[in-house]
Amino acid sequence: MAIHYTVQEKLNPLDRDAAPKHYLVAKSLTHVDRKMLIKDMVRHTSLTVQEASTAIEYLFESIPRYLELGMTVQLGELGYFKVTLQSLGMVKEEDSTPSTLKSIHMKFIPGKEIRERVNNFPLQKWKE
């Protein structure tokens, strides 16, 4: 298998008069939902459907809860989840308050082994 990609022409948002450039963009062929993930876990482990379902549901419930408590959620060698904030830049420190918050993001930072594995996936141009 390979990561499929398309080529898209994009303008430079900082210089709209510059010539557009072409970039590779990953093409998702489909998605894996909870049910598919659970079926795959059951097929490749000794877990029952109920056990796999309980484990997945626990992750979906517990990760946001721990992030809300101000924790980083480490999933072993898989990687970790953390919260990042995007806010307006203020000249004075005391002006940086929650009212300057633009958005809250949840980031997943992959572990070294999985990151290296993904970085070595072959690429294949998507034929429409």
Shortest non-hydrogen contact from [X] toward [Y]:
| X | Y | result |
| --- | --- | --- |
| Pro64 | Leu59 | CD-O, 4.2 Å |
| Leu14 | Asn12 | N-OD1, 2.8 Å |
| Thr84 | Lys82 | CG2-CE, 3.8 Å |
| Phe60 | Arg34 | CD2-NH2, 2.7 Å |
| Leu101 | Gln86 | CD1-O, 3.5 Å |
| Glu51 | Ser46 | OE1-O, 4.2 Å |

Would you say the side chain of [Y] lies within less than 4.5 Å of the side chain of [X], judging by non-hydrogen atoms?
| X | Y | answer |
| --- | --- | --- |
| Lys125 | Tyr5 | yes |
| Lys39 | Val42 | no |
| Val25 | Lys10 | yes |

Cluster overlap [X] with [Y], hydrophobic side-chain contacts below 4.5 Å:
| X | Y | result |
| --- | --- | --- |
| Ile109 | Val83 | no |
| Leu69 | Leu75 | yes |
| Tyr23 | Val7 | no |
| Leu29 | Val32 | no |
| Leu67 | Tyr80 | no |

Please check if atom [atom1] in [X] has more than 12 non-hydrogen atoms from other residues, nucleotides or ligands closer than 6.0 Å.
| X | atom1 | value |
| --- | --- | --- |
| Glu9 | CD | yes |
| Met106 | CE | no |
| Arg115 | CZ | yes |
| Glu94 | CD | yes |
| Tyr66 | OH | no |

To the nearest 0.5 Å, tell me how far [X] [atom1] sits from [Y] [atom2].
| X | Y | atom1 | atom2 | answer |
| --- | --- | --- | --- | --- |
| Leu78 | Glu113 | CG | CD | 10.0 Å |
| Lys27 | Lys127 | NZ | NZ | 14.5 Å |
| Leu24 | Thr6 | CG | OG1 | 8.5 Å |
| Ile63 | Met71 | CD1 | CE | 13.5 Å |
| Tyr58 | Arg65 | OH | CZ | 5.0 Å |
| Leu88 | Thr97 | CG | OG1 | 9.5 Å |

Donor-acceptor under 3.5 Å ([X] side chain, [Y] main chain):
| X | Y | result |
| --- | --- | --- |
| Thr45 | Met41 | yes |
| Asn120 | Glu116 | yes |
| Ser53 | Val49 | no |

- What orientation do Phe81 and Phe108 show, parallel under 30°, tilted 30 to 60°, or perpendicular over 60°? tilted
